[in-house]
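Only one structure is covered here, and it is reproduced in the block below.
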Amino acid sequence: MRIPFIAGNWKMYKTVAEAVKYVKELRALVKDVEGVEIVLAPPFTALHAAAEAARNSKVGIAAQDVYWEREGAFTGEVSASMIREAGAAYVILGHSERRSLFGETDTTVNQKVAAAFAAGLVPIACIGETLDERERNETFDLLDRQIRHGLGALTSDQIGQLVIAYEPVWAIGTGRNATAAQAGEAHGHIRKRLHQWFGPDAAELCHVIYGGSVKPENIADLIAQPDVDGALVGGASLDVRRFLEIVMRSRGRDAARAD
Ligand code: PEP
């Protein structure tokens, strides 16, 4: 049984002091909350301080990227073991902003997921189509390609531990979320492929979460879809009360599915 997984992607927002204040507030607010996995992804500069502030709480910490080499002359890069040592347990990979602005490809995602697993990090691997691709009816082909090339080298066991974030690029930071039906259809397709390519156990265990303008107002509809296991939240995660509301509403998933 997959419990809802809600992650906040802070992107390039929040100082160390702001991150620590937020984490302390959130950890107190969720101390008795069960049945949902909660993760925050601060920028690298705040990673260690946020992880310290979250220690022994219900809040997990993620990095927003990683480099695949263990160490070396790679100015500006950070390895998976460094991220682990800083206190993070997760890492976001292949975010569409990394793909469109910084040259991330399925090939580099493939190298990064392997490095993340080797260091004991849980990858949150992002896939999703652009508006052009959706309008050309290429969404499923694109998702197939991103899974095959970005994640195809993983074992079934690793797929079972992975989090896949389906993030239609046209819905990220635009205020325009995919409808629950659109998200449900894409998630159903991803689950079907995981089943075909990695087997029933991997497909059953892998969390497939939705990202793209998630807010307190739309999380209930999205998470009511059978294959939507949670959310990757950008803008709405910057405010602790709005993020908390998304976390709390995601716990109504089973009731919403029964409606
Ligand atoms: C994201 O950054 O992954 C994201 C989905 O952003 P937003 O929620 O702001 O659309």
Side-chain angles (χ1 to χ4, degrees), residues 4-14 18-19 22 26 36-44 46-47 50 60-66 88 90-102 104 106 108-109 112-113 116 122-131 133-134 139 142-143 146 150-151 162-180 182-184 186-187 190 207-223 225 227-250:
F5 185 103
I6 305 293
N9 174 17
W10 287 352
K11 312 192 186 199
M12 201 173 74
Y13 291 101
K14 295 201 185 292
E18 288 166 345
Y22 183 121
L26 184 64
V36 55
E37 199 166 344
I38 306 164
V39 173
L40 292 172
F44 278 128
L47 202 58
I61 298 294
Q64 297 176 17
D65 190 22
V66 69
Y90 308 82
V91 60
I92 298 172
L93 297 175
H95 191 280
S96 68
E97 287 152 16
R98 302 278 340 149
R99 292 178 190 259
S100 65
L101 301 173
F102 302 103
E104 187 91 296
D106 293 333
T108 58
V109 169
K112 290 179 179 189
V113 280
V122 174
I124 302 171
C126 303
I127 57 176
E129 80 287 0
T130 62
L131 190 55
E133 286 158 342
R134 174 160 283 268
T139 299
L142 186 275
L143 295 177
Q146 289 183 328
L151 309 174
L162 183 70
V163 179
I164 295 180
Y166 167 62
E167 297 209 305
V169 178
W170 48 272
I172 298 177
T174 58
R176 175 183 171 192
N177 61 287
T179 63
Q182 285 171 324
H187 283 237
I190 294 165
H207 278 81
V208 185
I209 64 175
Y210 167 80
S213 299
V214 173
K215 9 183 200 285
E217 298 75 26
N218 58 24
I219 183 65
D221 281 349
L222 290 162
I223 202 133
Q225 294 293 315
D227 286 302
V228 176
D229 301 321
L232 181 54
V233 187
S237 74
L238 293 173
D239 179 88
V240 69
R241 292 283 165 178
R242 278 169 70 72
F243 186 62
L244 175 70
E245 229 175 295
I246 292 170
V247 167
M248 300 309 273
R249 290 186 188 186
S250 73

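Nothing fancy with the numbering, it's 1 onward along the sequence. When a ligand or atom number is given, it counts from 1 through the structure's own listing order.
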Looking only at distance, does [X] have an N or O less than 3.5 Å from an N or O of ligand 1?
{"X": "Ala236", "value": "no"}
{"X": "Glu97", "value": "no"}
{"X": "Thr174", "value": "no"}

(message) Under a 4.0 angstrom heavy-atom cut-off, which atoms of ligand 1 come close to Gly235?
(response) 7 (P), 8 (O), 9 (O)
(request) Heavy-atom contacts with Ser213 under 4.0 Å: which atoms of ligand 1 show up? List them by number with element. (result) 7 (P), 8 (O), 10 (O)
(request) Specify side chain, backbone, both or neither for Ala171, according to which of its non-hydrogen atoms lie closer than 4.0 Å to ligand 1. (result) backbone
(request) Report the part of Asn9 in contact with ligand 1, treating N, CA, C, O as backbone and CB onward as side chain, heavy atoms under 4.0 Å; options are side chain, backbone, both, neither. (result)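 Answer for Asn9: side chain.
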(request) Could you tell me the residue and atom name of the protein heavy atom closest to atom 3 (O) of ligand 1, and the distance to it rounded to 0.1 Å? (result)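 That would be Glu167 OE2, 2.7 Å.
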(message) Which residue and atom name correspond to the protein heavy atom nearest atom 1 (C) of ligand 1, and how close is it?
(response)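 The protein heavy atom lying closest is His95 NE2, 3.2 Å.
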(request) Mark yes or no for whether Arg99, through its side chain, and Glu104, through its backbone, hold a donor-acceptor pair below 3.5 Å. (result)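 Checked: no pair found.
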(message) Tell me whether Lys215 reaches ligand 1 (any heavy atom closer than 4.0 angstrom to a ligand atom).
(response)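 Checking ligand 1 against Lys215, which is what was asked, there is no heavy-atom contact under 4.0 Å.
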(message) Using 0.5 Å steps for rounding, measure from the CZ atom of Arg134 to the CD atom of Gln182.
(response)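 Spacing of CZ (Arg134) from CD (Gln182) equals 4.5 Å.
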(message) Would Phe5 and Tyr90 count as a ring-ring contact (aromatic ring centres under 6.0 Å, His included) here? Give the steps.
(response) CA-CA 12 Å; Phe5 185 103; Tyr90 308 82; 5.7 Å; yes
(request) Look at atom 10 (O) of ligand 1 and find which of Gly173, Gly128, Gly234 reaches it with the closest heavy atom. (result) Gly173
